[in-house]
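Single-structure report; data block below.
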Amino acid sequence: MASGAFRDYVETIRATADIAQVVGEVVQLRKAGRSLVGLCPFHHEKTPSFHVDGAKGVFYCFGCGVGGDLFKFVMEYHHVDFAEAARSIGDKLGVPRPAPSRGPGREPAEDNRRRRAIAALEEAGKFFAQRLEAPESAEARGYLARRGLPVERARTFGLGLAPPGWDNLLRHLGARGFAVEELLAAGLVVPREGSSGVYDRFRGRIIFPIHDTAGRVVSFGGRALGDETPKYLNGPETEVYDKSRILFRLREAGPEIRREGRAVVVEGYFDAVVLAAVGVPGVVAVCGTAFGQAHARLLRRYAPKVDCIFDGDAAGRKAARRSLGPALAEGLEIRVAAPPDGQDPDDLAREGGADAVRARLDAALDLPAFLVGEAKRDFDVASLDGRVKALEMVLEQILLLESPLARAEAATRVAEGLGIDDDLVRDELRRAARERRRELGAKVYSATQQKARRFSAVEATLIRFLALRPPEQLTEADRVAGEIPLDQLGESARNVVERWIEGRSDGETLDLRRLAELAAGEAATDILSLAFSNEKEPDVEAAEGALAALRGAQLASEMRTVQEEIDRGAPPEELARLLQRKIALARELQKGAAGAASARRSPPRS
């Protein structure tokens with residue numbers, strides 16, 4: 001359980017921070033009615049469905065259903081836990097951190113493990129950087145200088161050296177209070193095979209620190225100084241490091257990518273650092289894994305375009321082809337550049353500087369040109385069989401383009417490049433598109449069914465009435481809450497109303513943000529969607545109408561039960577009683593109909 005000091009710290013941040021400013025640092029927002037809107041950073045979209053309400057302190061995306069307060073936004077965007085999100089916002093605002101709690105059970109075990117892992121990684125980064133500048137590390141500094149990174153530049157990029165030996169880092173971190181279990185959790189040491197004990201993971205290697213988008217060191221990559229294998233050694237995945245969601249240098253390159261409108265993606269740490277060192281902006285690299293859809297989704301938050309420049313050999317071209325699918329699936333415009341055959345991007349940068357790299361990037365091939373070149377390289381397009389196989393390979397990528405116009409233009413250029421009739425290519429493209437739509441149809445239907453879970457109009461009116469009351473109207477809200485027939489609400493709405501009533505009993509008035517915080521999963525996003533309803537804020541008359549509608553539903557249910565008993569053939573005296581009850585219910589229903597009419601609203605936006 002969080003300490004009182006930490007709770008006070010969080011509430012100070014909440015009272016001080018502006019969610020629109022926090023979100024606006026990474027999402028371009030514009031005013032639209034009572035809220036701010038922008039393109040959602042959590043899923044691909046072309047029409048903005050991401051809303052921020054500064055007054056209520058919440059955000060919500062009507063496209064993917066992600067929503068919450070400013071802490072939830074930072075947690076989702078930077079993939080950090082709640083405590084780390086709070087500290088990140090608090091530090092920017094200058095809110096002093098509370099003193100760490102020393103009492104038992106004050107910090108959840110998972111949070112403590114993550115915090116200690118980050119602390120160990122940060123200390124390891126300092127250790128590696130210091131060792132690079134030590135007198136005995138002249139050989140490593142010479143190696144970096146030959147690769148275009150003299151020590152001054154290496155220092156700028158936080159590079160370091162893992163010295164030879166089995167336990168240099170182990171002893172250093174042990175002396176600073178880190179337990180072996182914590183170093184294992186951070187991926188810094190490796191268990192000995194066949195015996196007890198551990199040893200340093202990185203030894204005799206140039207070290208590249210890997211940061212997340214929040215600026216924390218989460219892992220390292222190591223490059224051998226000689227011919228040792230493997231040439232590159234990557235840190236393992238841990239609680240704080242998921243290589244499929246991290247791009248090397250994205251933290252530093254993010255502002256440049258926004259400014260340039262494009263990211264430059266390379267394969268290796270040296271490629272990224274050397275290109276950045278000579279002045280190529282917006283350079284990032286994958287961390288020992290293929291470029292995937294999560295990487296593409298990350299980059300889409302910064303810019304709509306990606307230029308890939310991989311090694312100028314068959315392996316580099318293969319990596320470029322693997323990058324197409326994830327980039328296109330996320331709606332990125334992708335181009336492919338390559339150094340001269342046999343060169344790596346860092347060779348090109350070191351020998352020709354930024355101008356040589358820019359020239360290659362300016363001449364990068366767009367999707368149709370690159371696909372035609374690859375098809376001609378892989379297949380004998382002079383033969384019918386070769387053209388068929390080439391067309392299959394090309395169409396697989398073109399289908400991922402979202403715009404029908406872009407698909408048609410790409411098809412025309414591919415037809416021209418491969419010497420295939422344009423109409424034939426278009427026919428094949430349409431056939432393949434129909435098959436793809438059929439494959440996706442079931443998935444889309446399933447997703448739509450899952451997202452259909454929303455409050456009814458009457459339920460939405462009552463929840464918004466209770467959660468949006470100013471202090472001077474709480475007496476009226478308490479009265480309405482007490483009159484709600486809970487058995488007539490759906491399970492989700494009933495839970496929300498009961499939670500609001502419980503809060504009032506405990507002396508707290510729960511607004512939509514707090515109700516969402518206390519809910520779980522989809523129920524929380526359903527609640528947040530109410531904050532951005534296009535309907536006017538419900539007043540007492542609307543709430544009374546909603547109550548009347550619920551009472552009407554209750555009466556109608558009882559009416560059906562009475563009618564069923566009549567239809568079964570009750571004895572004369574019982575039949576007389578049932579008929580009287582039916583007449584009374586009909587009168588009550590008629591009387592409540594007028595009140596119910598005021599609650600008939602359009603369903604909340606979904």
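Model, not experiment: these values are computed from the prediction.
- Of the candidates His211, Glu84, Glu122, Arg216 forms a side-chain hydrogen bond (donor to acceptor under 3.5 Å, both in side chains) with just one, namely Glu84.
- Glu256 contributes a side-chain N or O that, together with a main-chain N or O of Gly282, makes up a donor-acceptor pair within less than 3.5 Å.
- In this structure, Lys243 places its NZ atom where more than 12 heavy-atom neighbours from other residues, nucleotides or ligands lie under 6.0 Å away.
- When atom types are taken as modelled, the side chain of Asp506 and the backbone of Glu508 share no donor-acceptor pair closer than 3.5 angstrom.
- Although no hydrogens or angles enter the test, the distance criterion places a donor-acceptor pair under 3.5 Å between the side chain of Thr238 and the main chain of Tyr241.
- Residues Trp166 and Arg192 meet the side-chain proximity criterion, which asks for heavy atoms closer than 4.5 Å.
- A donor-acceptor pair is defined here as one N or O able to donate and one able to accept, closer than 3.5 Å; no such pair exists between the side chain of Asp242 and the backbone of Glu237.
- At a threshold of 4.5 Å between non-hydrogen side-chain atoms, the residues Asp8 and Pro98 do not count as touching.
- Between Leu528 and Leu512, every side-chain heavy-atom pair lies at or beyond the 4.5 Å cut-off.
- A salt bridge links Arg358 to Asp355: one of the charged nitrogens lies within less than 4.0 Å of a carboxylate oxygen.
- Annotation: Phe50 is not in aromatic contact with Tyr60 [ring centroid separation under 6.0 Å not met].
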In sequence, state the C-alpha distance, the side-chain angles, and the governing distance for Phe291 and Leu299, and then conclude on side-chain contact (heavy atoms from CB on, under 4.5 Å). CA-CA 11 Å; Phe291 184 82; Leu299 290 179; 3.9 Å; yes
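- For the residue pair His172/Glu123, the side-chain donor-acceptor check at 3.5 Å is satisfied.
- A donor-acceptor contact shorter than 3.5 Å links the side chain of Arg360 to the backbone of Ala338.
- Asp69 contributes a side-chain N or O that, together with a main-chain N or O of Lys72, makes up a donor-acceptor pair within less than 3.5 Å.
- For Arg141 (side chain) and Ala134 (main-chain N/O), a donor-acceptor pair under 3.5 Å exists by modelled atom type.
- Aromatic ring centroids of Phe71 and Phe73 lie 6.0 Å or more apart.
- The neighbour count for Arg245 CZ, taken as heavy atoms of other residues, nucleotides or ligands under 6.0 Å away, does not exceed 12.
- Ring geometry for Tyr77 against Tyr302 counts as tilted: the plane angle lies between 30° and 60°, on a 0 to 90° scale.
- Donor-acceptor pairing under 3.5 Å is lacking for the side chains of Asp346 and Tyr269.
- Of the options Val286, Val265, Ile246, a side chain to side chain contact (heavy atoms under 4.5 Å, CB included) to His295 is made by Val286 and by none of the others.
- Annotation: His51 is not in aromatic contact with Phe59 [ring centroid separation under 6.0 Å not met].
- For Arg147 and Phe270, the positive end sits near the middle of the six-membered ring, less than 6.0 Å away and at most 45° from its axis.
- Checked by atom type and distance alone, the side chain of Asp200 pairs as donor or acceptor with a backbone atom of Leu169 at under 3.5 Å.
- Salt-bridge formation is detected for the pair Asp81/Arg114: a Lys NZ or Arg NE/NH1/NH2 atom is positioned less than 4.0 Å from an Asp or Glu carboxylate oxygen.
- Counted within 6.0 Å of CD on Gln28, heavy atoms from surrounding residues, nucleotides or ligands total 12 or fewer; the atom is thus considered open.
- Salt bridge status for Asp366 with Arg335: absent, with no side-chain N to carboxylate O gap under 4.0 Å.
- For the salt bridge (charged side-chain N to carboxylate O under 4.0 Å, His left out) criterion with Glu330, the lone passing option out of Arg297, Lys305, Arg301 is Arg297.
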